[in-house]
Every structure is written in structure tokens, then in C-alpha cells.
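Taking it in order: structure first as C-alpha cells, then the write-up.
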Amino acid sequence: SVMVLAGCGEKAATPSAASAPGAAKPLTKVILQTDWYAQPEHGGFYQAVVKGYYREVGLDVEIAQGGPNSMPVQKVVLGQAQFGIGRSDEIIVGAGRGIPAVMVGALMQRDPQAIMFHEEAGIRDFKDLDGRSIMAVPGSNWVTLMEKKYGIKVSITPLDFGLSRYLADKKFVQQCFITNEPFYVKRQGAKPATLLLSDTGFSPYRVWYASRSYIDKNPDVVRAFNAASIRGWNDYITGDRTEADALIGKLNKQMVPEFITYSVDAMKQYKLVGGDSAKGEMVGRLDPARVATEIKQLADIGVLGRPVTITEVLDDKFLPAEVRVTAGGK
Amino acid sequence: MNQPPLVKINRVGKRFGSGPLVLDGVELAVQRGEFVSFIGPSGCGKSTLLRLIAGLTEASSGELVIDGMTPENARELMFFVFQDANLLPWRRVADNVELPLLLRGDPTVRRQERVAHMLEVVGLAAAAQRFPWQLSGGMRMRVSIARALSVAPQILLLDEPFGALDEMTRDKLNEDLLAIRARDPFTGFFVTHSVTEAVYLSTRIVVLSANPGRIAQVIEVPFAYPRPAELRETPEFLQLLAKTSRALRAVRNN
Amino acid sequence: MNQPPLVKINRVGKRFGSGPLVLDGVELAVQRGEFVSFIGPSGCGKSTLLRLIAGLTEASSGELVIDGMTPENARELMFFVFQDANLLPWRRVADNVELPLLLRGDPTVRRQERVAHMLEVVGLAAAAQRFPWQLSGGMRMRVSIARALSVAPQILLLDEPFGALDEMTRDKLNEDLLAIRARDPFTGFFVTHSVTEAVYLSTRIVVLSANPGRIAQVIEVPFAYPRPAELRETPEFLQLLAKTSRALRAVRNN
Amino acid sequence: MKARLLSWIQPAVTGIGLIALWYLIKKISGVPSFILPSPDEVLRAAWDERSVLISAVMLTSRGAVLGFLAAVGVGFFLAMALGFSPRIKASFYPYILVLQMMPVTILAPVFVLWLGQGLPSIVAITFMIGFFPVVANTTMGFVSVDRNLQELFLMCKATRGQEVRYLRIPGAMPYFLTGMKIAGTLAPIGAIVGDFLAGSAQGGQGGIGYMTIAYFSQLKTPALFATGLTACLLGFVFVGGVNWLHWRLLHQWHDSMVKKE
Amino acid sequence: MKARLLSWIQPAVTGIGLIALWYLIKKISGVPSFILPSPDEVLRAAWDERSVLISAVMLTSRGAVLGFLAAVGVGFFLAMALGFSPRIKASFYPYILVLQMMPVTILAPVFVLWLGQGLPSIVAITFMIGFFPVVANTTMGFVSVDRNLQELFLMCKATRGQEVRYLRIPGAMPYFLTGMKIAGTLAPIGAIVGDFLAGSAQGGQGGIGYMTIAYFSQLKTPALFATGLTACLLGFVFVGGVNWLHWRLLHQWHDSMVKKE
Ligand SMILES: Nc1ncnc2c1ncn2[C@@H]1O[C@H](COP(=O)(O)OP(=O)(O)OP(=O)(O)O)[C@@H](O)[C@H]1O
Ligand SMILES: Nc1ncnc2c1ncn2[C@@H]1O[C@H](COP(=O)(O)OP(=O)(O)OP(=O)(O)O)[C@@H](O)[C@H]1O
Ligand SMILES: [Mg+2]
Ligand SMILES: [Mg+2]
């Protein structure tokens with residue numbers, strides 16, 4: 001069954017809950033389905049829970065931990081969850097297959113996915129991958145786009161989520177989360193080097209989304225969720241993470257403090273969450289132009305079952321005004 | 001003898017698959033209460049004939065009518081002592097004897113009484129709790145006999161039931177069989193290799209020839225029941241014995 | 001008779017597990033070339049005694065010495081006709097007969113000759129290519145006999161080999177057995193329920209009593225070999241027959 | 001007594017031999033520990049992670065036990081239905097095969113969405129992985145029943161149900177138990193895969209499948225092997241249970257058990 | 001003739017029924033197609049992706065066939081060794097169980113390291129997944145041999161090898177074939193898992209295991225189901241082969257096949 005977080009949320013919320021006894025209207029219950037077990041990459045949401053940001057805007061948010069088959073998109077569409085998180089290209093491809101999920105906010109401006117190899121492997125750029133074997137998720141869009149862009153050919157080994165083959169083979173190249181695998185291999189004395197996938201020019205967002213019908217019926221909830229989540233994320237990256245990290249560590253015993261620190265540092269170092277402010281990126285923002293480019297890129301490699309329009313997959317009007325591209329202006 | 005025969009075998013022929021003819025033109029009418037023995041050389045089709053009557057195999061030509069029914073439908077009336085003991089290896093001796101009574105739904109107490117009694121008759125009361133593999137060959141066969149007798153069927157088919165037994169046990173069981181028959185009359189079909197046994201038990205002896213199995217001779221046995229054990233020493237008995245043996249030898253020699 | 005006995009059974013007792021005593025104090029010395037028959041009531045331990053000689057089961061007390069060896073080591077010299085036909089269901093009749101010859105490594109041609117000859121002897125030449133389930137009970141037993149005879153062992157153990165056969169076939173096989181023995185002499189141990197058979201074939205008849213199995217009487221059969229078929233009708237023969245039957249009955253009655 | 005002792009000593013001797021071989025292979029081939037740890041490293045990891053492993057086993061056992069029972073129970077009745085009539089068998093056997101051969105990864109999402117993440121889905125996946133050996137073996141047992149005994153039951157006018165109960169079921173036992181033994185070895189694997197495909201880590205503590213991914217992705221290979229061996233222990237419980245049942249049901253009559261003297 | 005025809009019609013009728021049920025479930029529950037596609041969508045996807053599927057099957061078949069043969073062959077000989085003496089069985093059986101119960105994901109990196117990426121590792125993984133049912137069944141077959149026949153072989157002074165060859169092997173056939181049938185259903189799954197753990201793909205074209213994940217990550221659910229059904233087809237080939245063997249070896253004598261008249 002789904003992890004219930006409400007209890008923790010309540011307890012954690014007490015310090016800042018000045019409004020507790022006299023809360024005017026009952027909280028709206030919302031489930032956020034994540035794509036993996038609790039980890040720093042979900043930190044902003046946990047921050048919003050423990051700091052009571054959701055409660056302040058009238059939401060009772062339950063974070064349902066994911067796992068290998070958590071299928072947030074499916075659950076959101078079936079109404080088993082109200083919000084889910086994932087990559088923007090998943091939503092676009094899904095729309096092409098008739099899946100009515102709509103992105104409403106971005107938790108990361110840049111995808112933490114990267115390729116990892118050994119410094120000794122002699123790879124400087126994506127071009128150097130030509131003819132190599134990469135361990136990656138089969139069917140990944142970035143592979144096709146990368147091959148197309150750099151005119152290279154690679155062979156793909158299915159990702160097994162392990163690292164031993166990387167360690168055993170100095171020529172090994174594998175897909176990773178930049179916030180994640182390098183930590184473990186460094187501990188084993190390897191010298192990992194990485195290239196962020198977004199540097200190929202195909203740069204999906206990490207987003208949260210809801211189903212079309214839910215958005216239409218509950219615009220206020222979406223608006224409130226967006227605001228509180230963005231607040232949580234800003235706070236998680238720049239503020240005091242202690243409580244959120246403690247919760248993450250409690251929910252997922254594998255998340256030891258050193259690891260969380262490493263992950264958050266990586267998120268900061270690579271500007272994953274807030275992006276590059278020079279390019280007009282900021283926490284939560286979804287730029288329709290960038291999404292349009294992404295749709296075109298995906299259409300070009302033929303993974304979209306049918307043409308996809310931007311309005312099908314993106315609804316940014318519930319973002320706070322300062323975050324919206326159109327309202328906030330560049 | 002004006003009533004219709006209980007078992008009517010009508011020009012029955014049998015071959016297995018495309019093999020040679022095993023039985024050919026077997027014609028026999030048996031009245032209720034008769035006890036018919038089949039004798040003949042090994043492999044002549046005696047077991048097959050019993051199996052035809054029991055409806056365990058189908059005639060290739062001709063037909064069998066049992067009490068106005070097909071053999072299959074008449075199984076209700078019959079029970080079979082197979083040539084092999086055919087015991088369930090996972091049931092103890094008493095449980096094996098009990099099986100048919102259990103299957104037809106007799107009440108427990110009645111079942112137990114009958115099983116105990118029948119095991120007594122075949123001399124296996126002491127072995128009631130053994131498993132079949134703990135028995136001698138003759139004991140296994142006696143379990144099978146006890147099982148059949150406990151059912152008290154209208155028609156009893158016995159395929160060499162006493163072949164694995166010593167003469168004494170055999171004679172005793174012959175007498176027991178007649179005693180049981182006097183109390184619970186049944187119509188018997190009996191395969192044996194012992195001419196003495198055939199003459200002692202039967203009302204009629206059917207001598208079969210081999211390849212294909214045909215009825216070579218039918219010998220009437222005129223002795224009235226109950227037949228005392230000493231009958232076997234009378235000159236009339238010995239005369240009939242000699243006649244039957246001759247018939248059997250004749251069958252063997254052509 | 002100054003040479004040591006081929007088979008020496010020394011005060012042998014046998015019980016299975018913690019069950020009752022099955023055999024008690026069995027004492028017997030058998031010279032090379034003898035033919036010993038065992039008769040006795042069903043379940044008295046005849047099969048067990050043969051199995052002890054063959055080393056298929058171990059004595060609980062006493063010992064058996066065969067040609068100076070333990071039974072297990074002397075198996076080389078023996079073959080067994082089991083009470084059940086014991087055929088391999090996946091081998092055709094001829095292949096079943098061939099098996100022991102194959103196992104001991106006889107050359108193919110010799111094997112085929114022997115198999116064909118033995119099937120001829122038991123009257124199954126026509127059934128050589130059938131599977132066991134396609135045979136009648138008596139035919140299966142004859143396959144088993146053919147198998148044993150084809151081996152031509154020094155010691156042949158036969159457990160009711162002819163029980164499932166009609167008198168004629170039986171008499172013929174009795175004669176065949178003696179003929180084979182005249183050519184390839186073997187020492188025989190023979191279990192039977194037919195007193196006639198026992199007297200006709202044996203040099204000695206051992207009568208066993210039951211519960212526990214003990215040797216009740218040993219009857220010497222003085223007739224010289226070769227024994228013509230007609231021996232069975234001579235007064236001397238019939239006299240010995242009567243004596244043996246009496247012994248058997250005596251055993252049965254106490 | 002001596003036999004009893006020997007039956008413990010023999011596997012122990014082999015075990016020691018195999019462990020020695022393991023050391024030897026590691027020494028000679030020089031495989032690094034993050035791929036193939038040495039036995040002592042595994043042992044140490046098992047000790048270090050004992051609390052995690054124990055609670056992982058606890059979690060996974062539930063799924064394994066329920067899945068095993070479902071596989072054995074449903075498999076048995078399925079086989080009974082199939083053995084009941086050749087017509088039913090002809091009609092359904094191919095589709096049962098499809099169910100078995102359909103990679104469970106494909107159906108897992110359907111389970112998860114209908115049954116939710118967690119125990120029910122794990123049980124369903126364990127069942128999917130373990131039921132076919134029971135069906136295949138039991139069906140074979142049902143159809144291998146001695147013809148002569150079948151004829152006996154015909155003569156007894158036994159109903160189809162009686163034949164099944166008193167003849168086919170006991171006769172098929174040796175086959176059924178073998179199928180059950182296979183299902184027993186598959187149940188822990190099934191629960192691990194289920195945990196993997198449909199589990200959810202509760203309170204930061206997942207089942208064995210979760211721990212497998214966790215250790216695997218963190219390069220804790222000795223702990224990974226320790227987890228695998230822990231899974232085997234779980235399997236031994238099943239196989240031990242089936243062996244006990246085997247002994248209980250067959251030792252008095254079946255050729256595989258009866259000691260003729 | 002009529003029976004022949006019926007044996008085709010019956011499964012076809014059930015098949016149609018099941019497909020109707022599938023439609024019905026989809027209609028009533030309203031599950032969207034990207035979770036549970038309807039049969040026609042699956043068919044259409046199978047047709048659209050036919051070239052990909054065919055070459056995926058080709059790729060996977062090699063691993064499945066070789067792994068199946070290895071499982072059957074090695075399993076058989078292992079069982080023979082175990083059946084040879086109770087001492088060998090006591091010494092090794094527990095460790096064979098460990099091998100079977102050790103989640104294959106844990107051993108996969110070891111295989112890949114030693115055997116390299118690709119076919120050899122896939123075969124090894126398929127073997128690991130399929131061999132135990134063969135071992136368990138065949139061993140049971142070996143020890144279930146009729147005691148009376150064993151005594152016959154004793155009297156024949158048969159060597160242990162002769163006993164195995166002429167008695168135990170033919171006697172164990174019904175068990176062995178059942179184990180083989182189970183291995184046949186596991187072989188495609190094994191090859192898929194192998195493909196998953198040790199396969200590799202060029203130009204986006206891999207074996208069935210690879211395509212499974214690819215379609216999954218691209219949300220091409222109908223194609224995913226088509227892939228699953230294609231895997232089943234592969235399995236049918238194995239089971240068909242084993243059934244043929246079953247018929248060849250047993251139809252003349254075994255109770256499961258012989259039609260007594
Ligand atoms: N394996 C066994 N376990 C226990 N008891 C057994 C076993 N085998 C035989 N017996 C018992 O030993 C006794 C003698 O059996 P045996 O088979 O030797 O008899 P037999 O003289 O050959 O009888 P028959 O003429 O009926 O074949 C019987 O009471 C039988 O129940
Ligand atoms: N299922 C079968 N398939 C083919 N042939 C068979 C089958 N059953 C019996 N036969 C053949 O039919 C003939 C008659 O067999 P049956 O068992 O009726 O003989 P029988 O008279 O009972 O012999 P016995 O006295 O040896 O028991 C034999 O030649 C036998 O080989
Ligand atoms: Mg017969
Ligand atoms: Mg006996």
C-alpha cells in the first residue's frame with residue numbers, strides 16, 4: 001500500500017502552526033506520487049511538508065513514495081494520486097499516446113541525468129562516445145537525440161542499477177544521476193567523470209503534473225500546491241534542511257547524511273533546481289518555448305505517436321506570477 | 001428356465017486395435033444364479049471375456065446384454081476380482097477392503113463389521129493394518145478377494161482369484177465362496193486353471209480354445225448345491241473332472 | 001555326497017522391522033545339482049526364503065553360505081523368477097527377455113538366438129514385439145520365465161512361476177524345465193502350490209509351516225532323471241503325491 | 001543414530017569444500033570484492049546489517065508465504081480441473097502456459113494499479129512465478145494414474161469426485177510434492193521480484209528485493225550477497241516444509257521412501 | 001479425425017471466450033489503453049512493430065534455446081549424479097537449492113565479468129533460471145523407481161551405470177519430461193531476464209527483454225503486450241517440442257498415454 005505521510009506532516013507542522021486551532025476551512029487532501037523512494041531529489045516537497053507550507057495554503061499533502069514500478073503518470077491519470085513527478089519528455093510522449101497528464105510546475109530546471117565514466121576513459125565530449133557501449137535505460141529518448149546530433153552510434157546495455165560493472169571496467173560508460181552514483185564510486189576510489197545529458201541540447205525539465213480533468217476541476221488546489229512546492233524547494237536549497245533531511249533519512253534508511261549532503265551539493269553545483277538565472281531559469285518555472293523545442297525534438301525522432309500541442313502538455317497559468325514566463329517576463 | 005437370461009453374449013468378437021482376433025463369435029446365455037467357469041490355455045481370451053462382461057472393454061462385433069442393459073450401465077450389479085490384486089498402495093489392508101463400501105456410501109459401522117468379517121474369512125485379520133507391500137503375493141490376492149466379497153454384488157467376476165494360493169487355502173476359500181453364495185446368491189463368472197476348482201464350483205464350464213478364442217465345449221455340472229467338501233472325492237466328480245481335462249487337452253492340441 | 005553343500009542355510013531366522021518372526025530356525029544344506037521345492041501355506045515365508053538365498057533381504061539371525069560366499073557375492077551364480085512377472089513396461093517382450101544377457105555383455109547375435117529360442121519354448125514367439133501391457137497375465141509370467149532360462153544360471157530361484165498358467169502349459173513347461181536342466185544343469189529352488197509339480201520336478205520337497213515359518217518336513221523324491229511325462233501316472237508317483245499332500249495338510253491344521 | 005549424524009556431516013563437509021573453492025576462485029581469478037566478495041566479507045556484512053536483513057526477511061516472508069500458498073493451492077485445484085477431463089485440459093492448458101510465460105514485468109503494472117503497491121501485488125507476482133510447476137507436475141500425476149486402479153474404480157461405480165479424491169489425488173502425490181518443492185524454491189524469488197516490481201519501502205525499511213536494489217546501487221556487494229543468502233534461508237524453510245510433508249505422506253508406502261529389507 | 005478437429009476447436013473456443021472477457025474487463029473497468037490495451041490494439045501494435053519484434057525474437061531465441069538445452073542437459077546429469085547415491089544427494093542437494101534460490105540479479109555481474117556481455121551470459125542466466133525444475137523432477141523420478149525392478153537389476157548383476165541407463169532413466173522419463181516442460185516455459189523468461197541483465201542492443205534493436213523495457217519507458221503499452229505474447233510464442237515452441245518428445249517416448253507404454261481398449 002501507499003506510504004502515508006500525513007502523521008509525520010502533522011507533527012512536523014506544529015511549530016509553525018499558529019493557525020492550528022482556528023483553521024477556517026478543512027484541509028484539502030492531496031497525494032503526490034513520487035518516482036522513487038524518498039531521496040534529496042524530492043527534498044523540496046518534504047521541506048514543504050515539514051515546514052507546514054502546504055498546510056498554510058489549505059492542503060494536506062501526502063507524499064507517496066515511489067519505487068521501481070510506482071508509475072506516477074498512470075496513477076495520476078487514474079485518480080489514485082493528484083500530482084506526480086517525472087520528466088517533461090515522459091509527459092510529452094505520453095500525450096502522444098493519449099495520456100492526459102499536464103505539467104504544472106518544474107522541480108528541476110535541469111535533469112540530473114548524466115553519463116558517468118572514468119577519467120581514464122578518454123572521454124571529453126559526447127562525440128567521444130562513438131562506437132562505445134553505454135549502460136542506459138532502453139528506449140531513452142536522449143540516446144537517439146544524442147546519436148542524431150553528434151552523428152555517432154552507440155550500443156546500449158540495459159541499466160541494471162548497479163555499479164560493479166563500472167568499477168570493474170575502466171572503459172565502462174553508464175547512465176547515472178549526477179546527484180547519486182558518483183558518490184558511491186568515489187567511495188570505492190574511482191575517479192568518475194560526468195557529462196550532464198542536458199548538455200546535448202536535449203534538456204527536459206523535472207516536473208510535477210496533474211491530470212487534465214483534475215486541473216480543470218481544482219484550479220485553486222493546483223495553484224496552492226504550486227506555490228507551496230516552489231516555496232519548499234527554494235527553502236530546501238537555500239534554507240535549513242535539517243528537518244526535511246531527517247524525514248527523508250527516516251523514510252529511506254539508505255539516505256545517510258553524507259549522501260544527502262553530497263546530493264544537495266550536486267544539485268547546487270550543477271544548478272539543477274533553479275537553473276541558470278542568466279538564461280531566465282528559476283525554481284518552478286516552465287518555459288513554453290523550451291517545451292515547444294522539446295516537442296519538436298521528440299517529433300523529429302518519431303517517438304510521438306501523433307502530433308502533440310503545447311497546450312496539451314503544459315499549463316503554466318497556475319504558477320505564481322513571478323515564476324510564469326509570460327507574466328513575469330524575461 | 002423361461003425367464004430371459006441375466007447375461008446374454010451375442011456372437012461377440014474382439015480384437016485390440018488392428019491386432020489379431022482375440023475372441024471370435026462367442027455366444028453364451030447365462031441365467032440368474034448360475035456359476036460359469038471359463039477354462040482354456042493361457043492367452044486365449046478369458047480375462048478379455050470377463051472384461052467385456054464388465055464393460056471395461058468394448059466388443060469389436062456382436063453385443064452383450066446384461067439384465068437388459070449395456071455392460072457399462074449394468075456395472076451397478078457387478079464386481080470384479082482382477083487377475084492382479086490391484087490394491088491401492090497407500091491404503092492399509094483394511095482400508096483397501098473397505099474402499100468399495102466407502103465409495104457406495106455404506107455407514108461406517110456396517111463397513112467396519114463387513115471388513116472385519118471378510119478379513120476373517122480370508123484369514124488376514126492379523127494383517128489388517130499392514131500396507132500392501134508388506135504382504136506376500138497370496139495375501140495380496142486374498143485382500144482382493146475379501147474386497148470383492150464384502151460388496152456382495154449380484155454378478156461376481158473372478159479372474160483366477162485362487163491361482164497364487166496353496167491347495168489348502170484354496171480349498172477352504174472354494175468352500176467359503178459356496179457358503180457365501182448360499183447366503184447372498186450371486187451369478188458367478190470364474191476364470192481358473194484348476195479343473196477341480198471349476199467342477200467343484202460351477203453349474204457350467206466353458207472351455208475356450210485359443211487363437212482366436214472360441215467356445216470349444218460347454219460342460220454342464222449337474223451336482224446340486226450345497227456341495228459338501230467331500231463331493232470332490234466321489235466317482236461322479238472325478239469322472240466329470242476327467243471329462244473336462246480331456247476337453248481342455250483337446251483344445252490345446254489343435 | 002562328501003563335497004560341501006552349494007547352499008548352506010544355517011539356523012536362519014527373519015523378521016521385518018519389529019514385526020513378528022516370519023522365518024524361524026531354518027536349517028538346510030543343498031548340494032550342487034539338487035532341485036528343492038518349497039511348499040507351505042500362503043504367507044508362510046517361501047518367497048522370503050528365496051529372497052534370503054538371493055541376498056535380496058538380510059537374515060535377522062543365522063547365516064547363509066552359498067558356494068563359500070555370502071548371498072550378495074554369490075548373485076553372480078543365480079537368477080530369480082519373481083512371483084510377479086516384473087517386466088520393464090517400456091521394453092517389448094523380446095527386449096525384456098534380452099535384458100539380463102545384454103547386461104552381462106553377451107554378443108548381439110548370441111543374444112538374439114537365445115531370446116528367439118526361449119520365446120519359442122514358452123510359446124510366445126508371436127508376441128515378441130508386444131509391450132507388457134498388451135499381454136495376458138499368463139503370457140507376462142511366461143516372459144519372465146523365458147528371461148530367467150535364457151540366462152542359464154548355476155542356481156535358479158523360481159517363485160511360483162507356473163501359478164498363472166493352465167495345466168497343459170504348465171505340464172509342458174515342467175517338462176521343458178527338466179529338459180533344459182538336463183542340458184545346462186542348475187541347482188533349483190522352487191516355490192509352488194502344486195504338489196504334483198513339486199514331486200515331478202524336485203529331488204527334495206521342503207514343507208514349511210506358518211507363523212513363524214519353520215521346516216515341518218523334508219521329503220526326498222527318489223525318482224531318477226530324466227523323468228518322463230508319464231512318471232506322473234505311476235503308482236509310486238501318486239503315492240509320494242499323497243504323502244506330500246498329507247504333510248501339507250498336517251502343517252495347515254496346527 | 002550414526003546415519004542421522006552422517007546426514008548432517010556430509011552436507012557440512014561439502015559446504016566447507018565449496019567455501020574453500022570460493023576462496024580459491026577469488027584468490028586465483030582476483031575478482032574484486034565489489035563483484036564477488038569472499039565468504040568472510042559476506043559473513044561480516046551479514047552481521048553488520050543483521051537488523052536490516054532480519055526485518056527485510058520478515059517483510060518478504062509474508063509475501064513469499066502467501067504467494068507460495070496461493071501457488072500451491074490454486075495450482076493444485078487448477079491441475080485437478082485440468083485432470084478432470086481431457087476436454088477442459090485441451091481448452092485451458094495453452095492459456096495457463098501463456099499466463100506462465102508472459103513476463104511478469106509486463107503484468108506487474110496491471111497488478112500494481114489494481115491491487116496497489118505492496119503486499120497484494122507481491123503475492124500476485126509470487127503466485128505468477130510459482131504456480132506453473134505445481135500445475136504441470138500435478139497434472140502429470142493425475143494422468144499417470146495406474147489404468148488397472150482406474151478400472152477398479154469403474155467397477156466400484158465411483159463418481160468422478162470419488163475417483164479424484166481416493167485415487168487421483170493420492171496417486172498424484174509424489175508429483176504434486178515435487179511441484180511444491182519447485183514452487184518452494186521459486187517463492188522467495190517471486191517475493192523478491194515482487195518486492196522489486198511492486199514493493200514499497202515502509203518506514204525506510206524494504207523487503208529483500210528492496211535491499212537488493214539498495215545494496216546493489218550502493219556497491220555494498222558483500223551485503224548484497226548476504227541478502228541473497230538470506231533469501232536462500234527463507235527458501236530452505238519452504239523446501240524443508242515440503243520435505244517434511246513428503247515424508248509424512250509417502251514414507252509408509254511410496255517406493256521413493258519405503259526401505260525394503 | 002473428429003477428435004483431431006475437436007482438439008483444435010476447443011482451445012480456439014476458449015481463446016475466443018478469453019478475448020471476449022478481456023474486452024469486457026476493459027469496457028467495464030475503463031482502464032485506459034496505456035495500462036491494459038485491448039486485444040485489437042495489441043494486434044495492431046504487433047503488426048506495426050513486426051520487424052522489430054521478429055528480430056527481437058530471433059535474438060532472444062538463441063539465448064533461450066541454448067539456455068534451455070543447458071538447463072535440460074546439465075539438470076539431467078546433475079539429477080543422475082544425485083540419484084546415483086544418497087550420499088551424493090545429501091552432500092550436494094542443499095547447495096543446488098542455494099544456486100536456484102540465489103536471486104540471479106546478484107550473480108549476473110559475476111557472469112558478465114567472466115563470460116562477457118551478451119550470449120554466453122544470457123545463456124548462463126537462462127540456465128540458472130531453468131535448471132532446477134529438471135533436477136527436482138528427474139531426481140524424484142530416479143528415486144521413485146519400482147523396488148521390484150531394482151531387485152531384478154540386482155539379480156542381473158547390473159552395474160550401477162547399467163541400472164541407471166536401463167532402469168532409472170527410462171523409469172524417470174515421465175518426471176523428467178515434466179521438468180523439461182517447466183524448463184521450457186522458463187527458458188524464454190530466463191532469456192528475457194538475461195537480455196535485461198546482460199544483453200546489449202545496437203541501433204535501438206535488442207532482444208525481447210530489451211524491447212520490453214524500451215516499450216515500457218516509451219509508454220507503448222500495446223507494443224509491450226505484443227512483445228509479451230511474442231515471448232509466449234517462443235515458449236510454445238519449447239513446450240510443443242517437449243510434448244512431442246513426451247509422445248514419442250511414452251505413447252507406447254506409459255499410463256498417461258496408452259489408450260486401453
Ligand atoms: N517387506 C515386508 N515387510 C513386512 N512384512 C513382510 C514383508 N514382506 C513379507 N512380509 C511378511 O512376511 C510373511 C511371509 O511373506 P512371504 O512373501 O515370504 O510369504 P509366501 O510364503 O511367499 O506367501 P505366498 O504363498 O502368499 O506368496 C508374510 O506374513 C508377509 O506379510
Ligand atoms: N490391451 C491389449 N492390447 C493388445 N492385446 C491385448 C491386450 N490385452 C490382451 N491382449 C491380447 O489378448 C489375448 C487374450 O488376453 P487375455 O488376457 O484375455 O488372456 P487370458 O485368457 O486371460 O490369459 P491368461 O490365462 O494368461 O490370463 C492375448 O493374446 C493378449 O496378448
Ligand atoms: Mg487372464
Ligand atoms: Mg510368495
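So that the names make sense, note that chain A is the first sequence line, chain B the second, and so on, each numbered from 1. Just so you know, these numbers use all the heavy atoms, side chains as well, and skip hydrogens, waters and symmetry mates.
Residue contact with chain D, scored on non-hydrogen atoms closer than 4.5 Å, is absent for E:Val135. Using a 4.5 Å cut-off between heavy atoms, D:Ile25 contacts chain E through its side chain alone, with no backbone atom that close. Contact of E:Pro103 with chain D is made through the side chain alone, with heavy-atom distances under 4.5 Å. With a 4.5 Å cut-off on non-hydrogen atoms, D:Val13 does not touch chain E at all. For E:Leu234, no part sits under 4.5 Å from any heavy atom of chain D, backbone or side chain. With a 4.5 Å cut-off on non-hydrogen atoms, E:Leu224 touches chain D through its backbone and its side chain both. When heavy atoms are compared at a cutoff of 4.5 Å, E:Ser29 approaches chain D solely by way of its side chain, counted from C-beta outward. The part of E:Leu18 that comes within reach of chain D is its side chain, from C-beta onward, which places non-hydrogen atoms under 4.5 angstrom from that chain.
Comparing D:Pro94, D:Ala231, D:Ala187, D:Pro188 by heavy-atom pairs within less than 4.5 Å of chain E, the highest count is held by D:Pro94. The greatest number of non-hydrogen atom pairs below 4.5 Å with chain E, out of D:Thr212, D:Asp146, D:Ile129, D:Val193, is found for D:Asp146. Contacts with chain D were tallied for E:Ala90, E:Gly17, E:Gly179, E:Ala12; E:Ala90 has the most, counting heavy-atom pairs under 4.5 Å. Ranked by heavy-atom pairs under 4.5 Å with chain E, the list D:Leu36, D:Leu97, D:Ile208, D:Thr227 is led by D:Leu97. Of the listed residues (E:Phe236, E:Trp114, E:Phe196), the one with the most heavy-atom contacts under 4.5 Å to chain D is E:Phe236. Counting heavy-atom pairs closer than 4.5 Å to chain D, the top residue among E:Phe142, E:Tyr93, E:Phe132 is E:Phe132. Most heavy-atom pairs under 4.5 Å with chain D: of the set E:Phe216, E:Phe225, E:Phe92, this distinction falls to E:Phe225. Note on E:Ile189, E:Thr185, E:Leu107: by heavy-atom pairs under 4.5 Å with chain D, the leading option is E:Thr185. Per-residue heavy-atom pair counts under 4.5 Å with chain D were compared for E:Asn137, E:Val112, E:Ile35, and the maximum is reached by E:Asn137.
The minimum heavy-atom distance linking E:Ser144 with E:Tyr175 is given by the pair OG-OH, 3.9 Å. Across all non-hydrogen atoms, the minimal contact from D:Leu53 to D:Ala226 is CD1-CB, 4.1 Å.
Contact annotation: the side chain of E:Gln150 never approaches that of E:Phe153 to less than 4.5 Å [non-hydrogen atoms, C-beta and beyond]. Annotation: side chain of D:Ile88 is not in contact with side chain of E:Gln10 (no heavy-atom distance under 4.5 Å). Using a 4.5 Å cut-off on side-chain heavy atoms (C-beta onward), D:Leu99 and D:Phe131 make contact. The shortest side-chain heavy-atom distance between E:Leu82 and E:Ile96 falls under the 4.5 Å cut-off.
Checked by atom type and distance alone, the side chain of D:Lys181 never pairs as donor or acceptor with a backbone atom of D:Val242 at under 3.5 Å. The main-chain N or O of E:Ala214 is found under 3.5 Å from a side-chain atom of E:Ser217 such that the two form a donor-acceptor pair. No donor-acceptor distance shorter than 3.5 angstrom exists from the side chain of E:Lys26 to the backbone of E:Pro37, with no hydrogens or angles considered. Judged by distance alone, the side chain of E:Tyr95 and the main-chain N or O of D:Gly15 form a donor-acceptor pair under 3.5 Å.
Looking at residues two or more places apart in sequence or on another chain, you find a salt bridge (charged side-chain N to carboxylate O under 4.0 Å, His left out) between E:Lys220 and E:Glu49.
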